[in-house]
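Please read the structure below before turning to the comments.
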Amino acid sequence: MYSIGGGVLMVCPAESVSAEEVEGLANGIVAWQRSWRRRGAVNLVFRDSAFADDVAKTNLTAILQQQGLGNVKSV
């Protein structure tokens with residue numbers, strides 16, 4: 001995690017994210033963001049090849065977007 005100006009960049013370099021881990025990972029990120037109470041943009045970057053399948057990646061993105069964390073990218 002890096003602070004960039006008024007925002008935050010969170011990078012998840014995990015090599016494997018299973019479909020079963022997605023909800024827990026997303027909820028942990030949301031809880032961290034709420035407890036940190038930092039203002040500014042939160043940018044999240046995940047390794048595209050880490051996801052078990054496109055459904056896992058889509059589910060993680062959807063959960064985060066529903067909680068107001070819409071700037072999610074995978075590379």
Side-chain angles (χ1 to χ4, degrees):
M1 173 179 66
Y2 295 93
S3 178
I4 300 174
V8 173
L9 171 64
M10 176 181 271
V11 177
C12 179
E15 293 184 15
S16 176
V17 178
S18 70
E20 294 79 24
E21 296 172 306
V22 165
E23 188 172 350
L25 177 61
N27 290 334
I29 292 169
V30 169
W32 161 83
Q33 193 269 338
R34 288 183 179 162
S35 70
W36 204 32
R37 296 184 182 147
R38 179 135 187 190
R39 301 261 186 242
V42 175
N43 301 288
L44 302 158
V45 179
F46 294 90
R47 185 183 301 206
D48 193 52
S49 62
F51 291 97
D53 54 33
D54 287 339
V55 173
K57 182 171 71 170
T58 300
N59 288 345
L60 176 71
T61 302
I63 293 168
L64 293 172
Q65 287 177 341
Q66 289 171 354
Q67 298 298 321
L69 297 170
N71 198 4
V72 180
K73 306 281 187 234
S74 60
V75 294

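By the 4.5 Å heavy-atom criterion applied to side chains, Leu44 and Asn71 are not counted as neighbours. In this structure the side chain of Phe51 reaches within 4.5 angstrom of the side chain of Leu60, judged on heavy atoms. Side chains of Trp32 and Val8 form a contact here, defined as non-hydrogen atoms less than 4.5 Å apart.
Nearest heavy atoms, Leu64 versus Ala26: CD2-O, 3.9 Å. Taking every heavy atom of both residues into account, Ala50 and Ala14 meet most closely at CB-O, 3.1 Å. Ala56 approaches Ala19 most closely through the heavy-atom pair CB-CA, 4.1 Å.
Expressed to the nearest 0.5 Å, how far NZ of Lys57 lies from CG of Asp48 amounts to 3.5 Å. Between the CG atom in Leu69 and the CZ atom in Arg34 there is a gap of 8.5 Å [rounded to 0.5 Å]. Rounding to the nearest 0.5 Å gives a distance of 4.0 Å between CD1 of Ile29 and CG of Leu25. Note: Met10 CE to Phe46 CZ = 8.0 Å, rounded to the nearest 0.5 Å.
Heavy atoms from other residues, nucleotides or ligands lying under 6.0 Å from CD of Glu23 number 12 at most.
A donor-acceptor distance shorter than 3.5 angstrom exists from the side chain of Glu21 to the backbone of Ser18, with no hydrogens or angles considered. Side-chain N or O atoms of Arg47 include one that pairs as donor or acceptor with a backbone N or O of Pro13 at under 3.5 Å.
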